[in-house]
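The next block holds one structure in the form of structure tokens; read it before the comments.
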Amino acid sequence: MWWLDRKGPSGFSPSSTAEQVTEGIDGTGLTAIVTGASSGIGFETARVLALRGVNVVMGVRNIEAGKDVKGIIIKESPSAKINAMELDLSSMASVRKFAADFSSSGLPLNILINNAGVMATPFMLSKDNIELQFATNHIGHFLLTNLLLETMKRTSVECKKEGRIVNVSSRRHRFSYKEGIRFDKINDQSGYNCLSAYGQSKLANVLHANELARRLNEEGVEVTANSLHPGAIATNLFRHHSFVSGLAGLLGKYFMKNIQQGAATTCYVALHPQVKGMNGCYFLDSNVAEASSQANDANLARKLWDFSLDLINRCCQ
């Protein structure tokens, strides 16, 4: 497909794979957390980072699946440093336990990849009574990032290397509800649309990265926050829609990226020297791209930050 081979300013194209965009990069000495690493692009991201020498901690909901992935990666790369820890992003208690366990391990943290997600689910509430997609895709990662941020700041100073936070968003961030974030209707079942709710959560991912980048810039710390769209990929995110899943399986090889291509932008933003110092950017196909006008709304980003903090505090009371 010729349109997948058009290279951007970075020298990479939509057809570039995660291995290609990290070729020649030595990640030895770096530690990364990858959420949702037991399947799909999360698995490929973890595999390629480990291949480049990064010590990878996989945050996975199913610990047995995580152990299986660890075995596969070590079989391919016997020297790989990789481990799995249980993490259910729809549960604040699970997020807090994961962060506490990681902190008590004494490991540094150079890279945080907020990758895990659910897509277009029927209306459901999380364990904390928050609409499931917003809870899993945004609130869980927002809380996780906040809990690990001091470790990342300390690591950047001690290692004298830039820390990187990577939010895996989606092109669907352009197709949220009309108001962008439905602050007063997060749990409104009557007006719920599964795809709009997914778009809302993915818009939140970009807004979160942008506001975090602004705050990190103000502090003058050597940690960056960016977001990205991995591309259209046939993964198990479609599992709630059998027709779409079947169509993706049938036509995916002609119109969608494969897993290796889908993980490329994440690995590029996490590891590539070209990204050094870039903060609050949105990436597509391993190149800087333009997010939606709502995603670039600084006031909306600040409002979401305050709303998210308030939601977390209310759920903890």
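Keep in mind that what you see is a predicted model, and the values were worked out from it rather than measured.
Remark: Lys97 NZ is loosely packed, at most 12 non-hydrogen atoms of other residues, nucleotides or ligands lying under 6.0 Å away. The local environment of CD in Glu218 is crowded, with over 12 non-hydrogen atoms from other residues, nucleotides or ligands closer than 6.0 Å.
Between Lys153 and Glu219 there is a salt bridge, since a side-chain N of the basic residue sits under 4.0 Å from a carboxylate O of the acidic one.
Taking all atoms of both residues into account, the shortest heavy-atom contact from Val223 to Leu216 is O-CD1, 3.3 Å. Nearest heavy-atom pair across Pro273 and Ile25 is CD-CD1, 3.8 Å.
Using a distance-only test at 3.5 Å, with no hydrogens or angles considered, no donor-acceptor pair links the side chain of Asp88 to the main chain of Ser94. Counting only distance, with no hydrogens or angles, the side chain of Asn226 and the backbone of Met278 share a donor-acceptor pair below 3.5 Å. Without hydrogens or angle criteria, Gln294 side chain to Lys178 main chain gives a donor-acceptor distance under 3.5 Å. One N or O on the side chain of Thr35 and one on the backbone of Asn115 form a donor-acceptor pair closer than 3.5 Å. Side chain of Glu222 to backbone of Val157: no donor-acceptor contact under 3.5 angstrom is found. Judged by distance alone, the side chain of Asn287 and the main-chain N or O of Ser10 form a donor-acceptor pair under 3.5 Å. At least one donor-acceptor pair closer than 3.5 Å links the side chain of Tyr177 to the backbone N or O of Asn193. Checking side-chain atoms of Gln200 against main-chain N and O of Arg182 turns up a donor-acceptor pair under 3.5 Å.
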Notebook entry, point to check: Asn83 and Lys70: side chain to side chain contact (heavy atoms under 4.5 Å, CB included), yes or no, with the steps?
Noted result: CA-CA 6 Å; Asn83 281 292; Lys70 175 182 176 180; 2.9 Å; yes
Next item on the list: Take Arg214 and Asn217 through the side chain to side chain donor-acceptor pair (under 3.5 Å) test and state the conclusion after the steps.
Entry: CA-CA 5 Å; Arg214 185 188 70 80; Asn217 275 334; over 6 Å; no
Notebook entry, point to check: Stepwise, does the side chain to side chain donor-acceptor pair (under 3.5 Å) test hold for Asp26 with Thr28?
Noted result: CA-CA 6 Å; Asp26 184 5; Thr28 303; 2.6 Å; yes
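Residue pairs meeting the salt bridge (Lys or Arg N to Asp or Glu O under 4.0 Å) criterion with at least one partner in residues 280-298, sequence neighbours excluded, are Lys257-Asp285.
With sequence neighbours excluded, the residues satisfying salt bridge (Lys or Arg N to Asp or Glu O under 4.0 Å) with Arg164 are Glu162.
Screening Asn205, Asn137, Thr266, Thr145 for a side chain to side chain donor-acceptor pair (under 3.5 Å) involving Asn114 leaves a single residue, Thr145.
Side-chain contact, Asn167 with His208: a donor N or O sits under 3.5 Å from an acceptor N or O.
Taking the six-membered ring for Trp and thresholds of 30 and 60 degrees, Phe102 and Phe98 have nearly parallel ring planes, at less than 30 degrees apart.
Note that OG of Ser91 is 9.5 Å distant from CD of Glu86, once rounded to the nearest 0.5 Å.
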